[in-house]
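The basis for the numbers below is simple: all heavy atoms, side chains too, and nothing from hydrogens, waters or symmetry mates. As the structure lists them, so they are numbered: ligands from 1, and atoms in each ligand from 1. No experiment lies behind these values; they were computed from the predicted model shown.
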Amino acid sequence: MTQIFNFSAGPAVLPKEVLAQARDEMMDWHGSGMSVMEMSHRGKEFMSIAAEAEADLRELLAIPQNYKVLFLQGGAHSQFSMVPMNLLRGKKSADYLDTGIWSKKAIDEASRYCQVNIAGSSKDKNYTYAPNQAALKINKDAAYFHFTSNETIGGVEMFWTPMTGDVPLVCDMSSHILSRPVDVSKYGIIYAGAQKNIGPAGLTIVIVREDLIGETMVGTPTMFDYKVHADNDSMYNTPATYGIYIAGLVFKWLKSKGGLAAMEKTNIEKATLLYDYLDASDFYHSPIAVENRSRMNIPFTLKDASLDEAFLKQAQQNGLLQLKGHKLVGGMRASIYNAMPIEGVQALIAFMKSFAQANA
Ligand SMILES: *Cc1c(COP(=O)(O)O)cnc(C)c1O
């Protein structure tokens with residue numbers, strides 16, 4: 001098999017061990033004679049797969065008992081409307097932190113249902129940083145406070161949790177969930193599409209505090225009601241069974257690696273390697289404020305953008321794939337999620353060095 005390193009922002013790299021296990025179990029899961037894809041979601045085999053995945057996720061994130069874990073579909077995009085539909089609960093407004101393209105999308109969608117207060121924004125510096133606690137304007141009548149803890153496109157990560165008093169915190173953690181420990185008890189809702197740091201596309205994970213659910217807006221579709229999914233153990237409709245199975249294998253892999261604290265250590269090591277090289281080089285540049293540099297998605301530019309195409313082409317020839325930055329920001333972006341081995345980062349830096357030398 002060709003050895004490549006896949007720096008895609010999502011769908012993204014998965015642990016080789018997980019893919020190998022899925023391959024081994026593809027035709028016959030644990031002597032059932034069936035592939036997981038063929039199983040009834042209500043059969044005892046799949047029920048055990050889903051229950052174990054939930055238990056392992058609860059253990060990894062130390063999710064308190066008064067939180068529901070939901071395995072949904074529709075991506076983080078559906079959460080942009082599901083959150084206001086479930087959490088407004090008669091209130092007229094919600095606070096949103098504006099830190100980039102994903103928070104903007106969440107804001108635009110929420111604006112269809114309520115008044116959105118921008119509680120803080122980094123638009124003034126083209127979304128290259130995140131506001132700090134002192135800069136937040138929290139409205140105590142807001143139904144909730146929404147933020148995007150890692151802006152996947154901009155490469156801006158927040159390593160602290162906003163303090164919002166009694167206003168429930170809602171966080172889009174799509175692109176860094178499971179990359180480091182987080183204190184779930186500080187949040188009302190955490191949501192994440194699986195295809196960045198959890199598993200295949202098609203699965204969306206929602207962690208929600210029980211007391212927040214059950215009071216939806218008039219007209220909320222049944223499928224958009226958290227309570228319906230909670231009451232039915234995420235099996236109100238047919239869930240993304242294969243995605244849940246792979247996510248479950250990823251959770252086991254994370255446990256075997258020592259859990260999220262160990263994962264954080266490795267992620268710091270990987271990101272530091274790349275940022276140190278970017279900072280030392282005058283050929284490449286990281287536009288992001290040092291305290292907000294994402295450990296998962298690392299955008300960078302070449303000093304001469306006319307070399308971008310050659311860089312991408314030669315990177316590809318060297319087995320370094322999907323390094324093109326998002327079309328809205330340009331430049332390059334290396335996504336180095338949990339499953340990216342440190343060897344991938346080392347190979348990228350070695351290539352960047354030789355490319356810089358050849359084009360100095
Ligand atoms: C990828 C991403 C989304 C969108 O996810 P979909 O599953 O495509 O809806 C939303 N927010 C963040 C932070 C993301 O990284």
_Minimum-distance protein heavy atom relative to atom 9 (O) of ligand 1_ = H77 ND1, 2.6 Å

*Closest protein heavy atom to atom 14 (C) of ligand 1, given as residue, atom name and distance to 0.1 Å*: K196 NZ, 2.9 Å

*Flag the pair Y96 / Y144 as yes when their ring centroid distance falls below 6.0 Å, and as no otherwise.*
yes

Between [Y] and [X], is there a salt bridge with N-O shorter than 4.0 Å?
X: K257; Y: E17; answer: yes
X: R180; Y: E157; answer: yes
X: R209; Y: D211; answer: yes

Taking only heavy atoms of [X] into account, list the atoms of ligand 1 that are under 4.0 Å away from them.
X: T152; result: 12 (C), 13 (C), 14 (C), 15 (O)
X: S174; result: 11 (N), 12 (C), 13 (C), 14 (C), 15 (O)
X: N150; result: 13 (C)
X: G75; result: 7 (O), 9 (O)
X: Q195; result: 5 (O), 6 (P), 7 (O), 8 (O)
X: A76; result: 3 (C), 4 (C), 5 (O), 6 (P), 7 (O), 9 (O), 10 (C)

*Applying a 4.0 Å heavy-atom criterion (strictly less than), which segment of E151 is in contact with ligand 1: side chain, backbone, both, or neither?*
neither

*Q65 CD to Y67 OH distance, which is reported to the nearest 0.5 Å*: 12.0 Å

*Mind checking whether Y277 and Y284 have parallel, tilted or perpendicular rings, split at 30° and 60°?*
tilted

*Measure up the F311 and F355 rings against each other and bin them: parallel (under 30°), tilted (30 to 60°), perpendicular (over 60°).*
perpendicular

*Counting heavy atoms only, which of D172, N197, T204, I177 is nearest atom 12 (C) of ligand 1?*
D172

*asked:* Is it true that E25 and Q21 share a donor-acceptor pair across their side chains at a distance under 3.5 Å?
replied: yes

*Say whether T148, considering both its backbone and side-chain N or O atoms, lies within less than 3.5 Å of an N or O atom on ligand 1.*
no

